[in-house]
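In what follows, a structure is listed as structure tokens, so that the remarks can point back to it.
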Amino acid sequence: MLRTVILAASRSSRIERLVATAPFSRDVVRRFVAGARTEDALRVTRELVASGLAVTLDNLGEDTVTAEQATATRDEYLSLLRMLAEAGLTPAAEVSVKLSALGQSFDEQLACENARAICAAADAAGTTVTLDMEDHTTTDSTLDILAKLRKDFPSTGAVLQAYLRRTESDCRELASAGSRVRLCKGAYSEPESVAYQSAREVDKSYVRCLNILMSGAGYPMLATHDPRLIAIGEDRARWFDRGPDQFEFQMLYGIRPEEQDRLVGEGYTVRTYLPYGDDWYGYLMRRLAERPANLAFFARAVASRK
Ligand SMILES: Cc1cc2nc3c(=O)[nH]c(=O)nc-3n(C[C@H](O)[C@H](O)[C@H](O)COP(=O)(O)OP(=O)(O)OC[C@H]3O[C@@H](n4cnc5c(N)ncnc54)[C@H](O)[C@@H]3O)c2cc1C
């Protein structure tokens with residue numbers, strides 16, 4: 001019910017105008033999104049890097065349905081990477097890319113070529129790319145494209161979602177030397193046939209996957225705001241003797257900023273996922289609609305900085 005209402009709101013240009021111009025909106029959106037322009041992304045990246053955080057930038061885009069849109073997204077990443085390098089913000093800043101924004105849903109080959117161009121630009125800028133993971137129907141295709149990209153750009157990062165039943169096995173596959181793997185719980189609404197449904201099952205799966213990655217040879221990137229999972233990550237880092245250059249924590253921009261600072265103060269590498277672009281309305285509404293629990297997630301972030 002709630003999901004249907006949010007989805008309807010996300011498609012309504014009247015509600016979008018209302019939300020976009022409401023006095024409280026600017027502050028709420030600014031809390032989670034750097035701004036509409038590339039310059040906004042650069043400015044916030046500079047501030048975050050100055051405070052000791054690493055950053056991964058995500059260019060927000062509407063659903064990509066044409067090759068022209070996919071190319072425009074690719075070009076935005078190419079100029080972003082050039083600007084990051086010119087500003088001296090690499091390698092502290094890298095980029096996160098959604099293959100769907102590069103054409104994956106209608107032309108896998110095109111998405112792969114676009115991603116390859118972004119990886120080459122990242123390489124030239126002295127940094128890396130992480131391929132975001134979307135809903136489970138795209139997992140195989142995304143991992144196939146990752147394997148192709150890693151032949152030329154071995155530091156390309158993968159994302160695995162603990163709520164998927166297959167993920168433990170994917171972690172084993174990807175826990176090899178030099179392999180950067182972001183582990184998150186997963187943000188989409190997935191059927192029971194492929195995904196754990198209860199929070200407890202998802203958390204248990206996260207810990208099993210974390211153990212595989214932290215005891216393996218790769219570079220784990222623990223993406224979570226969950227205090228219990230962060231504490232387990234800290235514990236395993238001590239246990240497996242992993243220093244700040246051998247794994248990292250990741251959190252979303254605007255969520256638990258004080259915890260991000262605390263971890264930096266403890267000497268850990270912490271990377272903030274920073275979205276920017278003018279499609280913030282679609283971004284926030286889709287995150288809410290995909291999983292109405294995200295409503296509580298964002299509301300909690302507005303109420304608390306810890
Ligand atoms: C860097 C990064 C990249 C991501 N990339 C992807 C991706 O590619 N694909 C994908 O599907 N998903 C991605 N996600 C989203 C992820 O899958 C989860 O949906 C999201 O992170 C929420 O899960 P959680 O682990 O924070 O725990 P939750 O289950 O949301 O929260 C667990 C606990 O954490 C604490 N907490 C959470 N939020 C707050 C808050 N705002 N304020 C205070 N306490 C809080 C509370 O104690 C809460 O009970 C990414 C997340 C991050 C951080």
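Start at 1 and go down the list; that is how both ligands and their atoms are numbered.
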Hey, are [X] and [Y] close enough for a salt bridge, meaning a charged N less than 4.0 Å from a carboxylate O?
X    : Y    : value
E76  : R37  : no
R30  : D40  : no
R262 : E258 : no

Residue pair [X] / [Y], side-chain donor-acceptor N/O under 3.5 Å:
X    : Y    : result
Y163 : Q197 : no
T130 : E94  : yes
S141 : Q104 : yes

Y163 to ligand 1: N or O pair under 3.5 Å?
no

Polar-atom distance check: C184 versus ligand 1, any N or O pair below 3.5 Å?
no

Test of understanding: given a 4.0 Å heavy-atom threshold, classify the contact between [X] and ligand 1 as side chain, backbone, both, or neither.
X    : answer
D226 : both
Q161 : side chain
Y188 : side chain
M251 : backbone

Quick check on contacts: which atoms of ligand 1 are under 4.0 angstrom from a heavy atom of [X]?
X    : value
A223 : 1 (C), 2 (C), 52 (C), 53 (C)
D132 : 8 (O)
P227 : 33 (C), 34 (O), 35 (C), 47 (O)
G186 : 11 (O), 16 (C), 17 (O), 19 (O)

Quick one: closest heavy-atom pair of [X] and [Y], and the distance?
X    : Y    : result
L174 : S179 : O-OG, 2.6 Å
E190 : V194 : CB-CG2, 4.3 Å
A125 : T90  : O-OG1, 2.8 Å

Under 4.0 Å, counting heavy atoms only: does R182 come that close to any atom of ligand 1?
yes

Any idea which of L252, V97, I255 brings a heavy atom closest to atom 51 (C) of ligand 1?
L252

Closest to atom 27 (O) of ligand 1 among Q250, E190, K185, R271 (heavy-atom distance):
K185

